Amino acid sequence: MKRKVFPRLRPGGPGGPISVIRTYSSLAEQLHQTVTSRRLPLVFDYLHTQPSYLLDQTINNLFRISPSVSDNAASLPSITARPRMPEGHHIVYFPPQVSLSELLPDGTDTLHYPGEPFTRRLWAGGSVNFVTGGPVLDGSRAVCIETNRDVTLKGKGEEEKVIVRIERRIGRVSEGEGIEDVRARMMEEDEEKPGDCSIIENRHLIFMRGKSEEQLKFDQQNFGRNKRILKPPQAPEFRHRIKPNEALLFRFSALTFNAHSIHLDKTYTKSVEGYRNLLVHGPLTLVLMLTAVRTQLVGCSRIINQIDYRNISPLHVGEELTVCGKRKPGRDDGAWEVWIEDREGSLAVRGTVRTRGL
């Protein structure tokens with residue numbers, strides 16, 4: 001971990017630089033040990049077509065494309081046809097299987113939570129590697145092995161935050177296969193090795209300190225003022241303007257089994273988090289970017305292989321956002337630059353998508 005620079009204080013005295021650095025280092029080590037040592041439960045699911053179908057019904061209209069199946073709600077895709085899971089649709093499988101009592105006051109679960117005082121959570125970005133191009137949706141049993149791979153402490157004082165990197169490995173399992181056999185087959189000491197997995201995802205969650213009354217009052221009065229506008233890339237090949245509403249956020253929360261209050265409870269979001277309105281889900285922006293690129297690849301014999309992305313600033317319900325992208329010139333991996341602009345035209349999410357031939 002990069003050593004943090006602190007202001008000069010009287011050497012050797014209480015609160016001097018040596019003791020402050022030791023305290024900071026001790027907290028960082030404690031958090032790393034506590035969170036990464038958790039043995040998270042395996043999450044099992046069946047790869048039926050309905051979750052993917054419902055996600056299609058939720059987002060395809062945003063891109064003015066027809067759903068991949070009939071509009072007749074009684075006509076689900078056939079599992080005997082073995083359709084491939086569209087890139088990004090893994091988000092609506094393997095939801096957190098925790099009891100209601102295991103949820104925190106803000107509706108999030110405790111699996112990755114570093115503890116007090118870091119009570120506020122945001123999705124910071126991550127990466128997804130579609131190792132086999134995505135599993136087929138044939139109703140077979142599958143598993144997600146989740147691991148808290150890394151924990152980093154950054155900032156100081158009120159700005160101090162904890163970043164947790166979560167790895168999720170998805171693959172097929174048989175009905176009678178033991179948990180330890182599953183782990184041995186899919187997990188690798190070297191994170192770069194895929195093991196027997198079809199998808200490997202890394203999620204970056206940021207946990208921040210709760211806001212004081214003074215901070216909340218200031219944020220509520222000044223949110224968005226003097227905001228630094230980040231210039232997005234120029235000359236996109238596609239632009240999709242979308243105005244997310246509360247129904248979209250609710251449906252995505254339901255599909256992902258996500259009870260986080262910042263997407264559902266406007267009063268909480270304003271009075272506790274200090275935002276001006278409900279926040280668009282971080283994983284929803286991931287799905288939007290992947291869907292936008294996937295529509296560009298139709299008929300060109302290429303599929304998405306990987307995405308790396310970072311959420312830069314929050315996006316709010318009722319405010320137009322624009323999903324953009326363009327091919328990166330001179331690349332042999334069929335790479336696309338993708339991003340999302342907020343209503344002011346500032347860069348809010350940025351990523352890189354790599355593709356490969358079928």
Side-chain angles (χ1 to χ4, degrees), residues 54-65 67 88-89 91-92 105-108 120-125 205-206 208 210-211 215-233 236 238-293 295 309-325 338-351:
L54 292 175
L55 183 57
D56 268 344
Q57 297 289 65
T58 299
I59 65 173
N60 278 359
N61 185 253
L62 302 176
F63 294 90
R64 298 179 177 84
I65 56 177
H89 283 218
I91 287 289
V92 297
D106 66 353
T108 62
R120 298 168 50 235
R121 190 181 91 167
L122 286 178
W123 187 293
L205 299 183
I206 293 182
M208 300 163 290
K211 292 185 176 181
Q215 284 179 293
L216 277 172
K217 185 176 181 180
F218 178 84
D219 288 346
Q220 290 163 352
Q221 294 175 348
N222 298 279
F223 192 87
R225 294 183 183 178
N226 302 318
K227 173 185 172 183
R228 180 187 174 192
I229 301 297
L230 299 178
K231 189 175 180 180
F238 64 79
R239 296 178 67 89
H240 297 282
R241 290 183 172 85
I242 297 170
K243 193 172 184 179
N245 57 26
E246 292 187 15
L248 171 63
L249 269 58
F250 172 81
R251 289 182 70 162
F252 192 79
S253 288
L255 284 168
T256 55
F257 210 49
N258 184 347
H260 197 179
S261 297
I262 61 173
H263 310 302
L264 301 168
D265 186 339
K266 189 180 299 185
T267 300
Y268 169 89
T269 306
K270 290 182 175 181
S271 62
V272 177
E273 297 279 353
Y275 296 109
R276 63 173 171 259
N277 211 333
L278 299 176
L279 269 60
V280 176
H281 308 67
L284 177 54
T285 64
L286 168 65
V287 173
L288 294 178
M289 290 189 295
L290 287 170
T291 303
V293 174
T295 63
Y309 68 102
R310 183 166 64 94
N311 294 321
I312 300 168
S313 61
L315 294 162
H316 296 85
V317 71
E319 299 178 8
E320 186 176 78
L321 59 85
T322 308
V323 185
C324 307
V338 292
W339 67 94
I340 298 179
E341 301 171 13
D342 65 17
R343 66 177 180 179
E344 285 89 20
S346 182
L347 191 63
V349 188
R350 188 167 195 171

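Everything numeric in this text was worked out from a predicted model, so none of it was measured.
Here the shortest heavy-atom pairing between F63 and A292 reads CE2-CB, 3.8 Å. Nearest heavy-atom pair, L321 versus V323, reported as atom, atom and distance to 0.1 Å: CD1-CG2, 3.9 Å. The two residues S346 and R228 make their nearest non-hydrogen contact at OG-O, 4.0 Å. Residues W123 and N311 approach most closely at O-ND2, 3.0 Å, considering heavy atoms. Heavy atoms only, all atoms of each residue included: P244 and E319 are closest at CD-O, 3.5 Å. Across all non-hydrogen atoms, the minimal contact from S261 to G107 is OG-N, 4.4 Å.
Under the 4.5 Å side-chain criterion, counting only non-hydrogen atoms from C-beta, L264 is in contact with S253. L122 has its side chain within reach of M208: a pair of non-hydrogen atoms, C-beta onward, lies under 4.5 Å apart. In this structure, the side chains of I91 and T256 come closer than 4.5 Å at one or more pairs of heavy atoms. Between H89 and D56 there is a side-chain heavy-atom pair separated by less than 4.5 Å. Annotation: side chain of H316 is not in contact with side chain of V280 (no heavy-atom distance under 4.5 Å). At a threshold of 4.5 Å between non-hydrogen side-chain atoms, the residues K266 and N277 count as touching. When side chains are defined from C-beta on, T58 counts as touching L248, because their heavy atoms get closer than 4.5 Å.
In this structure, L55 CG and L255 CG are separated by 6.0 Å, a value rounded to the nearest 0.5 Å. From I262, atom CD1 reaches atom CZ of R120 across 9.0 Å, with rounding to the nearest 0.5 Å. Between the CZ atom of F252 and the CG atom of L54 there is a distance of 13.0 Å, given to the nearest 0.5 Å. Y309 contributes atom OH, which lies 8.5 Å from atom CG of L290 (distance to the nearest 0.5 angstrom). Note that the CD1 atom of I229 and the OG atom of S313 stand 8.5 Å from one another [nearest 0.5 Å]. Rounding to the nearest 0.5 Å gives a distance of 12.0 Å between CG of N258 and CZ of F250.
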(message) I'd like to know whether L315 forms a side-chain contact (heavy atoms from CB on, under 4.5 Å) with T285, so could you lay out the CA-CA distance, the side-chain angles of the two residues, the decisive distance to 0.1 Å, and finally the verdict.
(response) CA-CA 9 Å; L315 294 162; T285 64; 3.9 Å; yes
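K211 places no side-chain N or O within donor-acceptor distance of the main-chain N or O of V272, the cut-off being under 3.5 Å. Put simply, the side chain of T269 never gets that close to the backbone of L278: no donor and acceptor are under 3.5 Å apart.
Contacts of H263 classified as ring pair (Phe, Tyr, Trp, His ring centres under 6.0 Å), with partners at least two apart in sequence or in another chain: H260, H281. For R310, the salt bridge (charged side-chain N to carboxylate O under 4.0 Å, His left out) criterion is met by no residue, not counting sequence neighbours.
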